[in-house]
There are 2 protein chains.
Amino acid sequence: MTVSKTAAGDAPKPSRPARKEPAEVSAENVPLQLGELSELLGYSLKRAQLKIFEDFLRCVAPLQLTPAQFSVLLLLDRNPGRNQTEIASTLGILRPNFVAMLDGLESRELCIRIRSTNDRRSHILMLTDKGRAVLARAKKLVATKHEARLNELLGPSKRAALLEMLGKIAREL
Amino acid sequence: MTVSKTAAGDAPKPSRPARKEPAEVSAENVPLQLGELSELLGYSLKRAQLKIFEDFLRCVAPLQLTPAQFSVLLLLDRNPGRNQTEIASTLGILRPNFVAMLDGLESRELCIRIRSTNDRRSHILMLTDKGRAVLARAKKLVATKHEARLNELLGPSKRAALLEMLGKIAREL
DNA sequence: CGATATTCGGTATGTTGCATAACAATTATC
DNA sequence: GATAATTGTTATGCAACATACCGAATATCG
């Protein structure tokens, strides 16, 4: 059987003149053939990435954090005393685009910019207490909801294998 | 050992007045710690996806095709006689955004819109001969350059496993 | 030392991808 | 035949991403 949606109420098609196409019965619900598309790594990669970001946003919604913001908080926590250029470049964010992002985080009092005394051009970035608290809660949500779901979907060993391959691609391609 | 980059030429730091920080020797080239970031699937996924799209664009540059355009051509080839809504929705493209995309492809004479006779609202999409030729050349470039590189990086079996996991995430998450 | 080049954060700006509302034409529904 | 739904389209807004440029501060080198 092909038709599964459109539910009950099937038109029984008792006696029809069939003006043009007899296959018109189920409204041509034939799904498209992906063809070579399902063999394209980039295609699956993009679609999977969108799904995962979507799920991330859902799981961490109570804290109003995007994946990018979460990654910044994580990096600030692990690397205190760094400036904007260092944080941005490690995340692949261009400095100009990082400004507005920091403005957002700083206006929510999750982090602060401190003018460095060694080099008065640069701003040292620091998590605030509130930032650390939000990060802790976010970590918990990500672990128990987001990553847990992926673990359940793939299994721990496959998930690890996936992570390793993605890292390899990101690093060595 | 932690430090592995920065290679040879280690400054032995013999006798330095060390005006401020003795660690200033190698210009503080200490790379940032990714921390939990490297365990975040979404993070690696995004970065890998960017790299792969980048490589795709490079490999198929002579034909001036983006991944999205390539996927449209592939889909049109496999599914002749479909309209814009069907093609767009299978690719996860919203109809309004699909218009400009088709304008681009049609202006390059890679495909054409044909007013359907059954339903004069919809446009049937068809590849032109030029479109089929470009698609054939693109397929070859993708196979011999892009996917070949990934095969060489991951190995065929791991590549297949990766593709399967990504598909599962895209479908079931 | 001082002139030049470089780096830092920041602004301005443009492009692209992605999402929603609305519309005319056409078709389906009742 | 009146109403609702669908198709392609336009307009529009937002977010991500990229480049050029600026002033301030620092580094480099003659």
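Below, read A as the first sequence line, B as the second, and so on, with proteins coming before strands; counting in each chain starts at 1.
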Please assess Y43(A) against F70(B) for the test ring-ring contact (aromatic ring centres under 6.0 Å, His included), listing each intermediate value before the final yes or no. CA-CA 10 Å; Y43(A) 178 74; F70(B) 179 68; over 10 Å; no

Whole angstrom is fine here: how far is it from [atom1] in [X] over to [atom2] in [N]?
{"X": "R121(B)", "N": "dA5(D)", "atom1": "CZ", "atom2": "P", "answer": "13 Å"}
{"X": "L94(A)", "N": "dA16(D)", "atom1": "CG", "atom2": "C1'", "answer": "10 Å"}
{"X": "Q69(B)", "N": "dT16(C)", "atom1": "CD", "atom2": "P", "answer": "11 Å"}
{"X": "N118(A)", "N": "dA27(D)", "atom1": "CG", "atom2": "C1'", "answer": "15 Å"}
{"X": "R82(B)", "N": "dG8(D)", "atom1": "CZ", "atom2": "P", "answer": "13 Å"}
{"X": "I87(A)", "N": "dC8(C)", "atom1": "CD1", "atom2": "P", "answer": "13 Å"}
{"X": "R95(A)", "N": "dA16(D)", "atom1": "CZ", "atom2": "C1'", "answer": "17 Å"}
{"X": "I124(A)", "N": "dG9(C)", "atom1": "CD1", "atom2": "C1'", "answer": "12 Å"}

What nucleotide, of [options], holds the atom closest to the side chain of [X]?
{"X": "H123(A)", "options": "dT9(D), dG9(C), dT26(C)", "value": "dG9(C)"}
{"X": "S122(B)", "options": "dA18(D), dT20(C), dT7(D)", "value": "dT7(D)"}
{"X": "T85(A)", "options": "dC8(C), dG8(D), dT7(D)", "value": "dC8(C)"}

Within residues 34-51 of chain B, which residues have any heavy atom lying less than 4.0 Å from an atom of DNA chain D? K46(B)

Considering only heavy atoms, which members of residues 96-114 of chain B lie under 4.0 Å from some atom of DNA chain D?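 Per residue number, the list reads P96(B), V99(B), R113(B).
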
Does [X] pair with [Y] as a salt bridge, N-O distance under 4.0 Å?
{"X": "R78(B)", "Y": "E36(A)", "value": "yes"}
{"X": "E152(B)", "Y": "R159(B)", "value": "no"}
{"X": "R132(B)", "Y": "D77(B)", "value": "no"}

Want to settle it: does D119(A) or A68(A) sit nearer the 5' end of DNA chain D, counting the closest nucleotide to each?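 Nearest-nucleotide comparison on DNA chain D picks A68(A).
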
Taking all non-hydrogen atoms of both residues, which atom of L65(B) and which atom of F56(B) are closest, and how far apart?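 What the structure gives for the nearest pair is O-CE2, 3.9 Å.
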
Looking at [X], I want to see if its [atom1] is surrounded by more than 12 non-hydrogen atoms of other residues, nucleotides or ligands under 6.0 Å.
{"X": "K140(B)", "atom1": "NZ", "answer": "no"}
{"X": "K158(A)", "atom1": "NZ", "answer": "no"}
{"X": "R95(A)", "atom1": "CZ", "answer": "no"}

Show your working on side chain to side chain contact (heavy atoms under 4.5 Å, CB included) between L75(B) and L34(A) and close with a plain yes or no. CA-CA 6 Å; L75(B) 216 59; L34(A) 283 200; 4.0 Å; yes

What does R120(B) touch in the nucleic acid at a heavy-atom separation under 4.0 angstrom: a base, only the sugar-phosphate, or nothing? sugar-phosphate

